[in-house]
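All remarks here apply to the structure that follows.
Note that these values count all heavy atoms, side chains included, but never hydrogens, waters or copies made by symmetry. Chain naming here is simple, since letters A, B, ... match the order of the sequence lines and numbering starts at 1 in each.
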Amino acid sequence: MPELPEVETVVRGLRGPLVGRTFTGVTVRWPNSIKTPLFELNERLPGQRIEAITRRGKYLWFHLSGGDSLFLHLKMSGDLLVLPASEPDDPHVRTIFSLDNQHELRFKDTRKFGRVYLVAEPNEVIGKLGPEPLADDFTPDKFAALFERRSGRLKPLLLNQEFLAGVGNIYADESCHAAGLDPRRTVNSLSPVELERLYHAIRQALASGILHKGASLDAVYRGGEFQNHFRVYDRAGQPCLTCGSEIQRVVLAGRSTHFCSNCQR
DNA sequence: CTAAAATCCTGGTGGC
DNA sequence: TGCCACCAGGATTTTA
């Protein structure tokens, strides 16, 4: 479940080996993952140099010398590896990007949900995303303003990428716990004080995730160890680390949701 | 308009 | 032990 901290960790790991390299070709093994016409990808990508790699929400964003943008979304099980072209193949590699130094960027994705986009206009992919929660200019006031004219329950709203970019199931649950808010709360019932608590909880949870190099689940993210710091996520039936009450699990908007009914109101 | 459900996928899990 | 139905998960699409 790569969310903002996991994607940020991947981006930071790729800059060293990839910035300055030039793509020389693409091999597509699972065409459903490519959201750009294949002929266009094959025609436009080779020859473009990687000038920078950034992140927007849960998307990796490769800024290319020809002015195009290559976006990768890891979805559930995606991972990116930079290896010598001579390294043995892996059956879960769905797309191979060849580089100008006898290496390859391999998009490995067991569950085939990951997606690849090559576009001239970035907003075609990321245009509808909400604000970056860790941006310097993302203030408590701007966060509170996001809730104007919103309705529904808190948890599904936090997962909505058009509301706020990058928060997924793990960090939504952890943020609600840290803020002392029941994820089932109706959002228009949240007070200014509660919104401010939530703002700090989200920023803190994401920053902590990045500090621990993300969470490793499904054996995908090597090195990350934020999973050892979960206080509610995936802990149904276990005692709350704050008060000892049993962590509850419910399904909200089709997503498993974990919380402490004592600490979170 | 909102909300819920179906869709895409596969490896791991739980039941028997 | 072996088999298999079932499930999670992000984002989009469809249905209500």
Side-chain angles (χ1 to χ4, degrees), chain A residues 1-11 28-36 55-61 71-80 90-95 107-117 119 122-130 132-133 146-176 183-189 202 205-206 209 214-222 224 226-227 230 232-237 247-259:
Chain A
M1 299 100 254
E3 306 179 23
L4 187 156
E6 287 74 26
V7 177
E8 180 65 29
T9 301
V10 171
V11 164
V28 174
R29 293 193 178 148
W30 181 249
N32 287 0
S33 67
I34 313 295
K35 302 297 283 182
T36 297
R55 176 192 58 72
R56 179 75 173 96
K58 301 175 193 174
Y59 289 86
L60 291 101
W61 183 358
F71 289 100
L72 302 180
H73 197 305
L74 304 175
K75 291 286 182 86
M76 301 297 303
S77 58
D79 198 8
L80 291 164
D90 179 319
H92 294 130
V93 170
R94 310 301 180 190
T95 303
F107 191 1
K108 177 180 167 178
D109 183 23
T110 304
R111 292 181 188 172
K112 297 180 171 176
F113 278 18
R115 293 293 180 261
V116 176
Y117 312 74
V119 293
N123 282 337
E124 282 180 34
V125 178
I126 57 170
K128 289 183 173 176
L129 289 179
E132 279 294 321
L146 296 180
F147 286 83
E148 286 168 20
R149 293 180 302 279
R150 290 285 183 173
S151 61
R153 295 172 193 259
L154 176 56
K155 170 73 179 281
L157 187 59
L158 292 177
L159 295 180
N160 181 352
Q161 301 300 298
E162 298 181 22
F163 170 75
L164 189 63
V167 175
N169 214 29
I170 293 171
Y171 295 91
D173 281 4
E174 294 299 322
S175 299
C176 286
R184 301 167 295 183
R185 280 279 292 276
T186 320
V187 294
N188 49 31
S189 78
I202 291 170
L206 294 172
S216 297
L217 294 178
D218 294 346
V220 173
Y221 297 99
R222 313 125 295 161
F226 188 66
Q227 68 280 6
F230 292 166
V232 286
Y233 184 80
D234 206 22
R235 293 193 66 242
I247 299 297
Q248 309 291 308
R249 178 186 178 278
V250 297
V251 174
L252 279 183
R255 299 288 161 246
S256 62
T257 298
H258 316 77
F259 66 100

If we count only N and O atoms by modelled type, under 3.5 Å, do the side chains of A:Tyr171 and A:Glu6 hold a donor and an acceptor together?
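Checked: A:Tyr171/A:Glu6 side chains pair up, N/O donor to acceptor below 3.5 Å.
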Are a donor atom and an acceptor atom from the side chains of A:Lys128 and A:Asn123 found within less than 3.5 Å of each other?
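Their side chains do not contain a donor-acceptor pair, so the 3.5 Å distance test is not met.
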Please find the pair of heavy atoms, one from A:Ala165 and one from A:Leu129, that lie closest to each other, and give the distance.
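It is CB-CB, 4.2 Å.
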Minimum-distance pair of heavy atoms, taken over all atoms of A:Arg29 and A:Asp90
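So the two residues come closest at NH1-O, 4.0 Å.
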So does A:Asn32 get a side-chain nitrogen or oxygen closer than 4.0 Å to the phosphate oxygens (OP1/OP2) of B:dC9?
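Yes, within the criterion.
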Once side-chain hydrogen bond (donor to acceptor under 3.5 Å, both in side chains) is applied, do any residues pair with A:Arg153, and if so which ones, sequence neighbours excluded?
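Here no residue qualifies.
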Between which nucleotides of DNA chain C, read 5' to 3', does contact with chain A run, using atoms under 4.0 Å from its heavy atoms?
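For DNA chain C, the relevant span reads C:dA8 to C:dA11.
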List the residues meeting salt bridge (Lys or Arg N to Asp or Glu O under 4.0 Å) with A:Arg249, not counting sequence neighbours, and say none if there are none.
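A:Arg249 satisfies salt bridge (Lys or Arg N to Asp or Glu O under 4.0 Å) with no residue once adjacent residues are dropped.
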Partner residues of A:Arg235 under the salt bridge (Lys or Arg N to Asp or Glu O under 4.0 Å) criterion, sequence neighbours left out:
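Here no residue qualifies.
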Across the strands shown, which category fits A:Tyr117 at heavy-atom distances under 4.0 angstrom: base, sugar-phosphate, nothing?
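Result for A:Tyr117 = nothing.
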Describe the nucleic acid contact of A:Gly152 in one word from base, sugar-phosphate, nothing, applying a heavy-atom distance below 4.0 Å.
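Result for A:Gly152 = sugar-phosphate.
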Check the interface with nucleotides 10-12 of chain B: list each N/O to N/O pair with the protein under 3.5 Å, or write none.
| from | atom 1 | to | atom 2 | distance (Å) |
| --- | --- | --- | --- | --- |
| B:dT10 | OP1 | A:Lys112 | NZ | 2.5 |
| B:dT10 | O2 | A:Arg111 | NE | 3.4 |
| B:dG11 | OP1 | A:His92 | NE2 | 3.1 |

Quick check on the helix from B:dT2-C:dA16 to B:dC16-C:dG2: what's the angle between its two end axes, five base pairs per end, to the nearest 10°?
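So the angle between the two local helix axes works out to 60°.
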Salt-bridge test for A:Lys58 and A:Glu3: reply yes if a basic N is under 4.0 Å from a carboxylate O, no otherwise.
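Between A:Glu3 and A:Lys58 there is no salt bridge, as every charged N stays at least 4.0 Å from the carboxylate O atoms.
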Using the closest heavy atom to pick a nucleotide of DNA chain B for each, name whichever of A:Arg149 or A:Arg255 lands nearer the 5' end.
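Its nearest nucleotide being more 5', the pick is A:Arg149.
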